[in-house]
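See structure below.
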Amino acid sequence: MMSPTLTLRLLVGGDEAAAERFLGTRAETTMILRSNLARAGLVNEGRSFQGTYVGAFVGDELEGLATLAWTGNLLLAGGPHVVALTEMLAAHAPAGFRGILGTASEVAEARRVIDARFGSAVRKHHHEILYSLSLADLVVPEALSRLAARAPNEDDMALVLDWRMQYSAELSDLPDTPEERRRQRDVLEAFHADGHAVLLCDGMTPVAYSGFNATLPDMVQIGGVFTPPALRGRGYARCAVAASLVAARSRGVERAILFTGNGNTAAQRSYLALGFRPIGDYALVIFE
């Protein structure tokens with residue numbers, strides 16, 4: 001009996017159910033893909049959260065998926081088909097990719113393809129730990145009771161954008177240019193539209209920020225956590241993350257995930273104290 005044929009093709013309207021079913025089998029490693037798909041579907045008109053999706057089908061079953069996302073990043077859920085999917089998407093990215101995101105093994109395979117095709121200079125290659133938490137087990141810091149958490153408003157945007165630029169510089173050495181500020185403001189506005197970001201204040205003074213870079217009715221992914229350097233070491237970031245998760249839990253969200261660098265021991269201690277536990281290896285590559 002012949003083995004089913006492997007077919008690679010663009011995903012189009014009507015493929016949503018197959019994509020959701022496949023991504024659901026690896027829910028905790030594909031949150032950004034799942035969230036973008038739920039927000040914006042498969043049709044790419046160049047808007048926030050949209051992207052170009054390609055799939056690897058064995059017979060009629062989708063067994064691998066990758067996306068050139070609205071941010072210019074390559075998002076991976078390719079399984080054994082990462083190389084073929086990356087090569088296919090590279091044809092839709094004539095200038096190359098801004099970055100790669102996925103499990104550590106998938107990112108390593110995709111990077112070899114991209115290095116050979118584009119010779120892209122790597123700004124950062126982060127080796128990350130993926131953490132997961134059932135929100136029923138969230139440990140809320142006692143200090144949060146003395147602080148105030150609220151959604152950022154338009155008056156806060158200048159401050160939050162400055163923090164975002166500092167965060168991006170620390171994460172990936174991104175330069176603070178007018179073009180990059182416009183891009184980061186677009187990202188912030190897209191994430192703030194759902195009202196789930198948290199600005200933590202000590203009295204009237206903003207001291208930390210926490211947001212979600214992926215949201216679903218049952219799961220969220222934390223991203224963009226920042227405390228100004230002069231205010232670090234006081235537990236503010238931990239409280240900001242906790243506040244965002246308490247609010248998510250009140251909406252019926254059951255689980256949260258995040259990833260942080262292998263060498264970021266301060267963040268690891270904070271997340272472990274909130275109840276998060278490591279579940280796997282992740283990776284993030286950022287190109288010049």
For residues 81-92, which side-chain N or O atoms pair as donor and acceptor with protein atoms under 3.5 Å away, sequence neighbours left out?
residue: Thr86; atom: OG1; partner: Val82; partner atom: O; Å: 2.8

Apply the test salt bridge (Lys or Arg N to Asp or Glu O under 4.0 Å) to residues Arg164 and Glu170: give CA-CA distance (whole Å), side-chain angles for both, the deciding distance (0.1 Å), then the verdict.
-> CA-CA 10 Å; Arg164 180 79 179 187; Glu170 291 180 8; over 6 Å; no
Could you walk me through whether Glu154 and Arg185 pass salt bridge (Lys or Arg N to Asp or Glu O under 4.0 Å), step by step?
-> CA-CA 11 Å; Glu154 184 59 32; Arg185 185 182 179 98; 2.8 Å; yes
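A salt bridge is absent between Arg183 and Glu179; no separation between the charged side-chain nitrogens and carboxylate oxygens falls under 4.0 Å. Taking a cutoff of 4.0 Å between a charged side-chain nitrogen and a carboxylate oxygen, Asp15 and Arg21 do not qualify as a salt bridge. Taking the charged nitrogens against the carboxylate oxygens, Glu142 and Arg238 have no contact shorter than 4.0 Å, which rules out a salt bridge.
In plain terms, the two heavy atoms of Gly223 and Asn213 that are nearest each other are CA-ND2, 3.6 Å. Between Pro152 and Ala197, the closest heavy-atom pair is CD-O, 3.4 Å. Shown here for Leu272 and Pro278, the closest heavy-atom pair between the two residues is CD2-CD, 4.2 Å. For Ala19 against Leu62, the heavy-atom pair with the smallest separation is CA-CD2, 3.7 Å. Taking both residues in full, the closest heavy atoms of His126 and Leu171 are given as NE2-O, 2.6 Å, listed atom of the first, atom of the second, then distance. For Asp194 against Arg39, the heavy-atom pair with the smallest separation is OD2-NH2, 2.9 Å.
Taken from CG in Leu130 to CD in Glu128, the straight-line distance is 9.5 Å, to the nearest 0.5 Å. Atoms OG1 and CD1, on Thr215 and Ile32 in that order, are 11.0 Å from each other to the nearest 0.5 Å. In this structure, NE2 on His125 lies 9.0 Å from CZ on Phe287, to the nearest 0.5 angstrom. Thr52 contributes atom OG1, which lies 11.5 Å from atom CG of Leu74 (distance to the nearest 0.5 angstrom).
The ring pair (Phe, Tyr, Trp, His ring centres under 6.0 Å) contacts involving residues 210-251 comprise Trp163-Phe226, where partners must be two or more places apart or lie in separate chains.
Residues Val241 and Leu274 have side chains in contact (heavy-atom distance under 4.5 Å, counting atoms from C-beta outward). Two residues are said to be in side-chain contact when any heavy atoms from C-beta on lie closer than 4.5 Å; Arg181 and Met165 meet this criterion. Asn262 has its side chain within reach of Ile129: a pair of non-hydrogen atoms, C-beta onward, lies under 4.5 Å apart. Using a 4.5 Å heavy-atom threshold, the side chains of Arg150 and Asn153 count as touching. Tyr282 is not listed as a side-chain neighbour of Val107, based on a closest heavy-atom distance of 4.5 Å or more. Two residues are said to be in side-chain contact when any heavy atoms from C-beta on lie closer than 4.5 Å; Ile114 and Ile100 meet this criterion. Counting heavy atoms from C-beta on, the side chains of Leu133 and Arg255 never come closer than 4.5 Å. Residues Val122 and Val285 form a side-chain contact, since some pair of their non-hydrogen atoms from C-beta on lies under 4.5 Å apart.
Val58 and Phe22 fall into different hydrophobic clusters, where Ile, Leu, Val, Met, Phe, Trp and Tyr side chains are chained together by heavy-atom contacts under 4.5 Å. Put simply, Met157 and Leu199 are part of the same group of oily side chains (I, L, V, M, F, W, Y) that touch within less than 4.5 Å, one to the next. In this structure, Val253 is a member of the same hydrophobic cluster as Leu138, with clusters built from ILVMFWY side-chain heavy atoms closer than 4.5 Å. A continuous path of ILVMFWY side-chain contacts below 4.5 Å connects Ile286 to Leu101, so both sit in one hydrophobic cluster. Transitive grouping of hydrophobic side chains (ILVMFWY, heavy atoms separated by less than 4.5 Å) brings Val140 and Leu258 into a common cluster.
A distance-only check finds no donor-acceptor pair linking the side chain of Glu63 to the backbone of Phe57 [under 3.5 Å]. At distances below 3.5 Å, not a single donor-acceptor pair connects side-chain atoms of Arg98 with backbone N or O atoms of Asn73. Side-chain atoms of Asp202 never come within 3.5 Å of backbone atoms of Thr205 as a donor-acceptor pair (strictly under, hydrogens ignored). At distances below 3.5 Å, not a single donor-acceptor pair connects side-chain atoms of Gln50 with backbone N or O atoms of Leu42. Judged purely by atom type and a 3.5 angstrom limit, Ser250 uses its side chain to pair as donor or acceptor with the backbone of Ala247.
For Arg47, the CZ atom is loosely surrounded, since the number of other residues' heavy atoms within 6.0 Å does not exceed 12.
A side-chain donor-acceptor contact under 3.5 Å links Glu180 and Gln184.
Checking Ile222, Asp137, Ile257 one by one against Phe276, the side chain to side chain contact (heavy atoms under 4.5 Å, CB included) holds for a single residue, Ile222. Among Val43, Val12, Leu10, Leu37, the one residue that satisfies the side chain to side chain contact (heavy atoms under 4.5 Å, CB included) test with Tyr53 is Leu37. For the side chain to side chain contact (heavy atoms under 4.5 Å, CB included) criterion with Ser244, the lone passing option out of Val225, Val220, Leu200, Val198 is Val198.
In this pair, Phe97 and Phe118 present their aromatic rings perpendicular. The plane angle is above 60°, beyond the 30 to 60° band.
Evaluation of the side chain to side chain contact (heavy atoms under 4.5 Å, CB included) rule for Ser105 yields Thr103 as partners, not counting sequence neighbours.
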